[in-house]
Amino acid sequence: MSTALLVLDCQPAVLAALPADADREALLDRLARAAAEVRAAGGTVVHVRVGFTEADWDAVPAANRAFAPIAEYRALHHEDPATAVHERLAPREGDLVVRKTRFGALSTTGLDRRLRERGVSALVVAGLTTSGAVLSTVLDAADRDYRLAVLSDGVADPDAQAHEVLLRRVLPTRAQVVGTAGLAALLGGG
């Protein structure tokens with residue numbers, strides 16, 4: 001199958017930024033079901049997580065507004081359990097796990113090459129955060145000519161207003177936006 005599900009930044013450290021309520025648990029449930037559905041259809045599940053080594057922190061320029069504070073405070077160390085893939089979404093045999101040091105899943109990871117080697121030409125993007133990793137990954141993947149979909153109920157952001165604007169106005173210019181209930185139809189065309 002030529003489709004991969006990218007599950008972005010579903011790590012305890014990133015999930016902590018979301019409101020602590022049933023919505024977080026429901027999101028994890030939907031993502032676990034989506035991953036199982038992709039695996040059952042013969043697709044690839046990719047877990048993308050953010051985590052830094054000492055060298056990664058040292059390489060972040062002070063001008064980088066998003067990542068300079070992470071580097072300054074030595075946050076999100078790649079071996080910290082809070083940067084591991086959430087246990088409910090634990091990678092399975094055949095899944096890919098990729099560590100990144102910027103927002104996008106493709107820019108600092110070698111993931112594009114690995115996907116191309118597997119014959120992947122379509123990406124279904126899910127995870128956290130809509131205004132960060134999801135947006136950056138979709139824009140980059142569109143420039144790389146992937147067929148794209150975003151799971152509307154499989155993404156979340158601490159800023160509800162930004163989340164809604166991105167899902168309704170920005171992401172549809174680059175990707176098909178569908179709910180997890182529409183995943184089977186996407187996979188049938190994969």
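Heavy atoms only: backbone and side chains are in, while hydrogens, waters and symmetry mates are out.
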[Y] backbone acceptor or donor facing [X] side chain under 3.5 Å:
{"X": "R30", "Y": "T180", "value": "no"}
{"X": "T130", "Y": "A156", "value": "yes"}
{"X": "R49", "Y": "V85", "value": "no"}
{"X": "D80", "Y": "H77", "value": "no"}
{"X": "D157", "Y": "H163", "value": "no"}
{"X": "T108", "Y": "K100", "value": "no"}

Hydrophobic clustering (ILVMFWY, side-chain heavy atoms < 4.5 Å, transitive) - are [Y] and [X] grouped together?
{"X": "L28", "Y": "L183", "value": "yes"}
{"X": "V177", "Y": "L187", "value": "no"}
{"X": "L27", "Y": "V45", "value": "yes"}
{"X": "L6", "Y": "V150", "value": "yes"}
{"X": "L148", "Y": "V38", "value": "no"}

Intermediate values then yes/no, salt bridge (charged side-chain N to carboxylate O under 4.0 Å, His left out), R74 and E54 | CA-CA 8 Å; R74 300 304 208 224; E54 290 289 331; 3.6 Å; yes
Check: S2 and V120 side chains under 4.5 Å, non-hydrogen atoms = no
Side chain to side chain contact (heavy atoms under 4.5 Å, CB included) partner of R102, chosen from V60, D140, V50 | V60
Test V46 against every option in L5, V7, L96, L8 by the side chain to side chain contact (heavy atoms under 4.5 Å, CB included) rule and name the one that passes.
-> L96
Is the F52 ring parallel, tilted or perpendicular to the W57 ring (thresholds 30°, 60°)?
-> parallel
So, T53 versus D56: side-chain donor-acceptor pair below 3.5 Å or not?
-> yes
Given L123 and T137, is the side-chain contact (heavy atoms from CB on, under 4.5 Å) satisfied, shown in steps?
-> CA-CA 10 Å; L123 303 177; T137 298; 5.5 Å; no
Measure the spacing between [atom1] of [X] and [atom2] of [Y] and express it to the nearest 0.5 Å.
{"X": "T3", "Y": "R147", "atom1": "OG1", "atom2": "CZ", "result": "5.5 Å"}
{"X": "D112", "Y": "E117", "atom1": "CG", "atom2": "CD", "result": "10.0 Å"}
{"X": "H47", "Y": "D95", "atom1": "NE2", "atom2": "CG", "result": "4.0 Å"}
{"X": "S152", "Y": "E164", "atom1": "OG", "atom2": "CD", "result": "9.5 Å"}
{"X": "Q161", "Y": "S131", "atom1": "CD", "atom2": "OG", "result": "12.0 Å"}
{"X": "R24", "Y": "L18", "atom1": "CZ", "atom2": "CG", "result": "6.0 Å"}

Can you see which heavy atom on [X] is nearest to which on [Y], and at what distance?
{"X": "T83", "Y": "Q11", "answer": "O-NE2, 2.7 Å"}
{"X": "G154", "Y": "L31", "answer": "O-CD2, 3.4 Å"}
{"X": "L128", "Y": "A133", "answer": "O-CB, 3.3 Å"}
{"X": "R114", "Y": "V97", "answer": "NH1-O, 3.9 Å"}
{"X": "P158", "Y": "A17", "answer": "CB-O, 3.5 Å"}
{"X": "G127", "Y": "V134", "answer": "O-CG2, 3.8 Å"}

Carefully, step by step, assess T129 and D159 under the rule side-chain contact (heavy atoms from CB on, under 4.5 Å).
-> CA-CA 9 Å; T129 59; D159 183 331; over 6 Å; no
Apply salt bridge (charged side-chain N to carboxylate O under 4.0 Å, His left out) to the pair E37 and R33, showing each step before the final yes or no.
-> CA-CA 6 Å; E37 194 170 344; R33 284 192 306 271; over 6 Å; no
Could you please spell out the steps behind the side-chain contact (heavy atoms from CB on, under 4.5 Å) verdict for R174 and L139?
-> CA-CA 7 Å; R174 305 295 195 297; L139 293 176; 3.9 Å; yes
Would the number of heavy atoms belonging to other residues, nucleotides or ligands and lying under 6.0 Å from CZ of R144 be above 12?
-> yes
Kindly indicate whether a cation-pi arrangement holds for R116 with Y146, taking the cut-offs as under 6.0 Å to the six-membered ring centre and within 45° of the axis.
-> yes
